[in-house]
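The structure under discussion appears below in the form of structure tokens.
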Number of protein chains: 4
Amino acid sequence: MPDTTGTTGKAQGKEEQPRRRQARGERRIAQLLEAAAAVFCTSGYTAASTNAIAREAGVSPGTLYQFFPNKEAIAIELSDRLLHEMRETYSEALAPIAPGTPVEEAVAAAVDRFTAFNRRHPVLFALMHSPEIPGRMAQDHDALHAAMLVRIEELLSSLLAPGTPPAAVARTAHMVLGFYKAGLELVLAHEGAEQEAYVQELKDALTRYLDPLVTSCGQPAHS
Amino acid sequence: MPDTTGTTGKAQGKEEQPRRRQARGERRIAQLLEAAAAVFCTSGYTAASTNAIAREAGVSPGTLYQFFPNKEAIAIELSDRLLHEMRETYSEALAPIAPGTPVEEAVAAAVDRFTAFNRRHPVLFALMHSPEIPGRMAQDHDALHAAMLVRIEELLSSLLAPGTPPAAVARTAHMVLGFYKAGLELVLAHEGAEQEAYVQELKDALTRYLDPLVTSCGQPAHS
Amino acid sequence: MPDTTGTTGKAQGKEEQPRRRQARGERRIAQLLEAAAAVFCTSGYTAASTNAIAREAGVSPGTLYQFFPNKEAIAIELSDRLLHEMRETYSEALAPIAPGTPVEEAVAAAVDRFTAFNRRHPVLFALMHSPEIPGRMAQDHDALHAAMLVRIEELLSSLLAPGTPPAAVARTAHMVLGFYKAGLELVLAHEGAEQEAYVQELKDALTRYLDPLVTSCGQPAHS
Amino acid sequence: MPDTTGTTGKAQGKEEQPRRRQARGERRIAQLLEAAAAVFCTSGYTAASTNAIAREAGVSPGTLYQFFPNKEAIAIELSDRLLHEMRETYSEALAPIAPGTPVEEAVAAAVDRFTAFNRRHPVLFALMHSPEIPGRMAQDHDALHAAMLVRIEELLSSLLAPGTPPAAVARTAHMVLGFYKAGLELVLAHEGAEQEAYVQELKDALTRYLDPLVTSCGQPAHS
DNA sequence: GATGAATGAGGATTCATTCAT
DNA sequence: TATGAATGAATCCTCATTCAT
């Protein structure tokens, strides 16, 4: 019978070690994640080999496995950190959007921020499109996906008509996320003016999609 | 190149015989493509192994390679057949849309047909999302992608305002395809009423996106 | 494909099974051997695939195996035919050499004939160098090799000093054959004037090698 | 990357310790090359499978590929090491030949040394005859071949008549190498007295071939 | 006899992961 | 902790050969 009581102490005797270790470990981990990000970007998750990641990080494969139990864990941790940063970015930058901003403006602001973030972290894109199906990767992917959904739902909840049932909100959030990803793919696939055009197109599409769902007492986005 | 037709160098006086052999091969090819479709569906293109496909088809790996030079060729042939069927389906079913149908109706009809087709051929979805990066697959995959783009552009050209510049049409087509894929993913991920709801959501989104782009002399989709 | 038989009518009644069959069979065999020769030349024996040979011959693999039990048998038959032709060529063309020709002349004549033959049948070279080791191929290869040895021993027996022990003759024949092959490789590897130079070099080398072994009562090859 | 050799207290007094990691690898490489040599000898380069080599070395296929990117690389490294050893052997053993040694003596010494080397390293023979056609192997193979040519040209340059044009020297070197290979094949194919006889025959042949090309101011090898 | 489909063991190579040091 | 060697199953693909028609 496995002990599930959780009483297994966390290394009672030694208080000091963890810190030191973690310090160095943190560096290694960051190093590895950075490498992983690079490799995921250029090869995609599936095609990325752990050996390649280790090599990119300048360490041996053994070292990599000292910090991550398997390839998936790397992607998960990467996603988590990205998520964390995204959350931070938003808590400080998204707040101002909330009030009674017109949809168009809110969407534009959100799209701008998201795309900015995606441009700063190209891996995000790779991770979003990773799970060709590998099944288990689901959790990871879902973490990222779910987190973004939550973000979006938050945004929507302040935009959509008050009476909107949660299911509809969720549905809309899914749609918005899907559209955003699709649009992002196009945005990233182009450059210069064409890229700009796609950004605008994406904003327009989302705005038009959301506009009718917004509380009617407000201001329609388009006059 | 699985084109095995007409390779009979002789072509003497007989008409029937030469086919027999090819019939078996033709059947095998169909069988293999079916198997490939199944495997692609459950594992995705990248993760699908040729041996797995052969096994699924109940033949030896060698047999598979008698008909297809490599994995990619399977996907290509599969795409081609799908494309072909899609074209057929459209030539007989899409025509009526053209005239002066209101956007809403046109979109609804198109989405219904596409989703029906996708439901009948789940591989389509797998193939559309195949190329995690593999690069070369690009052409093939693009064949499918490009074909759909063409379909969409055709539809759009009869819907969009006459003066719309080609670049804008192309952009819109890309957006529509991206949105469609995104929506389809959600549609296929749900069932029953929820699925229906997503279908509707997708139609709404596309309609709203396209409506303002449509010639104003017509009737706006929403009254 | 030059049809060299030409005499066989095409669609007669079928009275004489055995003849007919062999007639057609012979043609097929010749066809296959020709194809094999081509493929062996371009790919070498080991790398040549039976399927490639069949394809080159314009027949199906099955047909190939109707005439030859395996790949080796093809090489063997090819060697045999080459041998046969070589024998014929020599019986009519080598005879005049025999008498009391000075070594230099004899060698020159022999080299010229052999190289001519090799140029007319490039496979010979491929077959001579075939058996990377495959062991069993030994017999075949040896057939060709042994036959050439016999030829050479015949030539030598009329050149070498009468008292030369058989073992020495055999040894010399082996050496001569080895040198000839080595020289041929160089000859075939070059063109134009350089090729000529190598031919001359080969002649010189063989002449010098054999000269001291020749009966002293005769005339030294170099004056 | 900072010092990764792990100079921590472990390896103070010993000389071997610090190498340990690399030593193991070095040993594996040697082991693998040895195994490869054995397999190449018995099967020839083309027929030798990497799995067979790994098996012969008592390791898994993966291990082989940790040290060599592909089969060719094994042959190349093997050739290189052989070459290296050959060079060493020569720098200490071939030097004395140079002065004004008569051809006969020089050839005898060279043949003795080469054959001794070949007997000690039977692979050399296998590698020399490797490239049935594989094309790419050319470079590698050529490395060995070219190196031997260079050796021979060096020897020849001090033997041949001073005025001999470079092209002729090169041609002669090619011939000598070809003859040597051919002779070696016969030498290695026999044993005991017969082998000795072939060695002598080879020496004689080369001597006679080269003698007339040697500077006339010297002494002809045979008086 | 001819065809072309079928076989399946085998080949080179990769890669996530573990192990000894 | 870091290293790099080791693993071995799995991948794509080939080919001599056989079989059903």
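All values reported here derive from a predicted model rather than from experimental measurement. Every chain is numbered from 1, with letters handed out A, B, ... down the list of sequences.
Scanning residues 57-65 of chain D for heavy-atom distances under 4.0 Å to DNA chain E yields D:Gly62, D:Tyr65. Looking at residues 48-55 of chain D, you'll see D:Ala48, D:Ser49, D:Thr50, D:Asn51 sit with a heavy atom under 4.0 Å from some atom of DNA chain E.
Side-chain contact between C:Leu64 and C:Asn51 is absent, with no heavy atoms from C-beta onward closer than 4.5 Å. At least one side-chain heavy atom of A:Thr50 sits less than 4.5 Å from a side-chain heavy atom of A:Tyr65. Considering only heavy atoms from C-beta on, B:Ile76 stays 4.5 Å or farther from B:Phe68 through its side chain. Put simply, the side chain of B:Phe67 does not reach to within 4.5 Å of the side chain of B:Leu33, judged on heavy atoms. Proximity of C:Arg28 to C:Gln31: side-chain heavy atoms (C-beta onward) are separated by under 4.5 Å at one or more points.
Atom pair C:Glu72:CD and F:dT17:C1' shows a separation of 15 Å (rounding to whole Å applied). Distance, A:Phe68 CZ to E:dC15 P: 20 Å, rounded to whole Å. Going from atom CD1 of C:Ile29 over to atom P of E:dA2 covers 10 Å, rounded to whole Å. Straight-line distance from the OH atom of C:Tyr45 to the C1' atom of F:dA16: 10 Å, rounded to whole Å. Spacing between atom CZ of D:Arg27 and atom C1' of F:dA6 amounts to 14 Å, rounded to whole angstrom units. Atom CZ in B:Arg24 sits about 7 Å away from atom P in F:dT21, given to the nearest Å. D:Leu32 places its CG atom 10 Å from the P atom of F:dT7, with the value rounded to the nearest Å. Atom CG in B:Asn70 sits about 8 Å away from atom P in F:dT14, given to the nearest Å.
Counting only distance, with no hydrogens or angles, the side chain of A:Ser43 and the backbone of A:Phe40 share no donor-acceptor pair below 3.5 Å. Not a single donor-acceptor pair under 3.5 Å links the side chain of A:Thr63 to the backbone N or O of A:Val59.
Using a 4.0 Å cut-off between charged side-chain N and carboxylate O, B:Glu77 and B:Lys71 make no salt bridge.
Here the CG atom belonging to D:Leu78 is positioned 11.0 Å from the OH atom belonging to D:Tyr45, to the nearest 0.5 angstrom.
For the OP1/OP2 pair of F:dA6 and a distance below 4.0 Å, the side-chain nitrogens and oxygens of D:Arg28 include at least one atom meeting the criterion. Contact annotation: B:Gln66 side-chain N/O to E:dA6 OP1/OP2 distance is not under 4.0 Å.
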field: Under the 3.5 Å Watson-Crick or G-U criterion, the dot-bracket string of DNA chain F, with | for inter-strand pairs
entry: .||||||||||||||||||||
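Summarising the geometry of A:Leu32 relative to A:Ile53, their closest heavy-atom pair is O-CG2, 3.9 Å, with the distance given to 0.1 Å.
Surrounding CD of D:Glu56 are more than 12 heavy atoms belonging to other residues, nucleotides or ligands, all under 6.0 Å away.
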